[in-house]
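Inspection log for the structure reproduced underneath, given as structure tokens.
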Amino acid sequence: MSRATSSAKPLPAPALASASTTSRATYAATLAVVLFGYLVLPMSMSGATVAVRRIGDDLDASGASLQWVVTGYFLAASSFMLVTGSLGDLFGRRRVYRLGAVVYGAGSLAAAFAPNILLLDAARTLTGVGAAGVMAGGGAILATTFTGTARTKAFAAMGSLSGVGLAIGPTAAGWLVGSIGWRVMFGLFGAAGIALFVGAWALTESRATAKPRLDRAGIVLFISGLALTMFAITQGAQAGWGSVRVLGPGVVGLALLGAFVAVERGVARRAERPLLDLSLLGNRRFSGWLLAAMAGGVAFGGMLANLPTYLQGANGLSSGDAGLVMLMPTLPILALPAIGGRLVTKGVPPRALITFALLLMAAGNVWLTVLHPGIGAAALAGPLVMIGSGQGLVAGVIDAQAMSAVEPERAGMAAGLLNTVRGSTQALTMALFGSALITLLEGSLGSAPSAARVATGAIPAGPEGAHLADALTDAWQVILVAVAVLVAVAAVAVFRLLRPAVAVDESAGSASVTEGPVRKEARTPVGANRH
């Protein structure tokens, strides 16, 4: 039997799930707590980008160690997303959510008091681990609390709030850093972690009906493989891409990820629950939405993480003024998710909408090559608004459509995989963007230490500073064109992957075309025993 993909509409007030024993207030509280987490946690990532230069000045840090303040958070969150999702199935999703909130809060408070860059990096990495528990646990809680259309709407709201948090982070952080300092900023995120922990008591506990066996080998291989691969990428610009410091962990990391794939296939063959069900990747439409999420991260993430540093270094803006400029790509994300959802509701094919949005972001990156020292806000408005508009149009649509492309029995795992892919792409994009800047600068300046300092905005005044700012601008322009090409190619691939499915009626000998996935209805909701 075939059916069309359900479209996202505003969440209704009546009962939202099939379990009549759960009150309407519990549904509302569940949605409020989970969405608050998806609003605050991305702010902690994107907000730190504005604070990087001030942190570098205060702690005498630069290069990869300074960029790890941002990259470490993303890496840890991405690496542990699948792990915390599996632990939630085993020990209880609310329990993992609460633990994640505690770790997130503790890491943020540790960052606020860190005396040096190494301890700050460690604290931010710990914060990312906690964020994984909150985000993966929150996604699983939504998947097991809501059913049918209500679940699709809840995931769409989750995606929208995540985009909003990512968007307003630089502006809020720019004001905080400029007025009360980066340490207080991290302290406030610690307070948010405490609020999430308290709010989690309003959630309903749930775990898988059949208690799964923990895939320990998969957990170790996935975390270590991704961490080593990321470490190699972040070290590439400073150590040289052919050095042992890069090739060693890079080769080992990729080998471990290859072993992870082999182990997961073996676990599936034994009819046990793997950390990642690789058959999800065989779902063409789900893979299309995964690729769309990746392309959006490439188009938006590198610019979001690094442009504030350029504006402060090459343009001499304060952290607060840089945050205000970053409103240009982020304001559309506050306004357009609802419009994107409404367009789908009115009949615009999601396939056409995501392709248009990706091409819009590609064009925006090309347009951003007008960047130069001393450029005014008016000249930046066009490309930045264009990039933000593409991101905003599909901020909630990707999650809603991706979740509707898989069977309800695998909704939790699919949500975890989507968040892992999105977070990993953003982390890789930030790392590669920063590494590419340093590599290109080293080629023009002839000094790796100088390139690392310039890439993080440490540009002095005077004629020498003007030369360094021009070199940084040239590097930016090369990278922006490369990003645009990648996103445009991804847009074409997404368009092909999301082509309508053809359902064949064997009895009538005819075929019909549908935009949605072809699947059988589940006779029972996602297996979850509430306690």
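Keep in mind that what you see is a predicted model, and the values were worked out from it rather than measured.
- A distance-only check finds a donor-acceptor pair linking the side chain of R285 to the backbone of L498 [under 3.5 Å].
- V478 has its side chain out of reach of D474: every pair of non-hydrogen atoms, C-beta onward, lies at least 4.5 Å apart.
- Partners of T125 by side chain to side chain donor-acceptor pair (under 3.5 Å), not counting sequence neighbours, listed by chain and number: W68.
- Interatomic distance, CG of D321 versus CG of N315, reported as 10.5 Å (0.5 Å rounding).
- Remark: side-chain polar atoms of Q477 are paired, donor with acceptor, to backbone N or O of T369 under 3.5 angstrom.
- In this structure, S243 and V246 have side chains that are in contact, with non-hydrogen atoms separated by less than 4.5 Å.
- For the residue pair A488 and A362, the shortest heavy atom distance occurs at N-CB, 4.1 Å.
- Residue pairs meeting the side chain to side chain donor-acceptor pair (under 3.5 Å) criterion with at least one partner in residues 300-313, sequence neighbours excluded, are Y310-T473.
- For S389 (side chain) and P332 (main-chain N/O), no donor-acceptor pair under 3.5 Å exists by modelled atom type.
- Atoms CD1 and CZ, from I398 and R422 in turn, are 6.0 Å apart once rounded to the nearest 0.5 Å.
- A donor-acceptor distance shorter than 3.5 angstrom exists from the side chain of R183 to the backbone of A114, with no hydrogens or angles considered.
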Would I55 and I117 satisfy side chain to side chain contact (heavy atoms under 4.5 Å, CB included), going step by step from the backbone distance to the final call? CA-CA 8 Å; I55 292 171; I117 191 63; 4.3 Å; yes
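- Side-chain atoms of N283 never come within 3.5 Å of backbone atoms of S279 as a donor-acceptor pair (strictly under, hydrogens ignored).
- Between V40 and Y104, some side-chain heavy-atom pair lies under the 4.5 Å cut-off.
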What do the steps show when you test T84 against L99 for side chain to side chain contact (heavy atoms under 4.5 Å, CB included), and what is the final call? CA-CA 10 Å; T84 52; L99 180 60; over 6 Å; no
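- Going from atom CH2 of W476 over to atom CG of L307 covers 4.5 Å, rounded to the nearest 0.5 Å.
- Inter-residue side-chain proximity for V421 and M294 is flagged as met; some heavy-atom pair is nearer than 4.5 Å.
- Taken from CG in L358 to CD in Q391, the straight-line distance is 9.0 Å, to the nearest 0.5 Å.
- No donor-acceptor pair closer than 3.5 Å links the side chain of D121 to the backbone N or O of L66.
- Remark: F80 pairs with no residue by the ring-ring contact (aromatic ring centres under 6.0 Å, His included) rule, at least two apart or across chains.
- Counted by atom type alone, R453 and S450 present one or more donor-acceptor pairs between their side chains at under 3.5 Å.
- Side-chain contact check for M303 versus M326: some heavy-atom pair is nearer than 4.5 Å.
- With sequence neighbours left out, D58 forms a side chain to side chain donor-acceptor pair (under 3.5 Å) with W182.
- A heavy-atom distance below 4.5 Å is not found between the side chains of V102 and I194.
- A distance of 6.5 Å separates CG of L384 from CE of M328, quoted to the nearest 0.5 Å.
- Panel note: side chain R124, backbone V69; a donor-acceptor pair is recorded below 3.5 Å.
- Two residues are said to be in side-chain contact when any heavy atoms from C-beta on lie closer than 4.5 Å; F186 and L120 meet this criterion.
- Nearest heavy atoms, V487 versus A295: CG2-O, 3.8 Å.
- Here the closest non-hydrogen pair linking L445 and A471 is CD2-CB, 4.2 Å.
- Across all non-hydrogen atoms, the minimal contact from Y73 to A131 is OH-CB, 3.5 Å.
- Listed for the Y38 side chain is a donor-acceptor partner under 3.5 Å among the backbone atoms of M135.
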Sequence neighbours left out, cut at 3.5 Å: what donor-acceptor pairs do the side chains of residues 219-228 make with other protein atoms?
| from | atom 1 | to | atom 2 | distance (Å) |
| --- | --- | --- | --- | --- |
| S224 | OG | V220 | O | 2.5 |
| S224 | OG | L221 | O | 3.4 |

Enumerate donor-acceptor pairs with a distance under 3.5 Å from any side-chain N or O in residues 250-266 to protein atoms, sequence neighbours excluded.
| from | atom 1 | to | atom 2 | distance (Å) |
| --- | --- | --- | --- | --- |
| E264 | OE1 | L275 | N | 2.7 |
| E264 | OE1 | L276 | N | 2.9 |

CA sep, side-chain torsions, deciding dist, call: L290, L281, side chain to side chain contact (heavy atoms under 4.5 Å, CB included): CA-CA 9 Å; L290 283 182; L281 301 178; 3.7 Å; yes
Please lay out, stage by stage, how L126 and V103 fare under the test side chain to side chain contact (heavy atoms under 4.5 Å, CB included). CA-CA 7 Å; L126 181 66; V103 174; 3.6 Å; yes
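- Closest heavy-atom contact between L360 and M386: O-CG, 3.3 Å.
- Considering only heavy atoms from C-beta on, L359 comes within 4.5 Å of T355 through its side chain.
- Distance check: L196 CG to L41 CG gives 6.5 Å after rounding to the nearest 0.5 Å.
- When every heavy atom of P373 is checked against every heavy atom of A314, the shortest pair comes out as CB-O, 4.1 Å.
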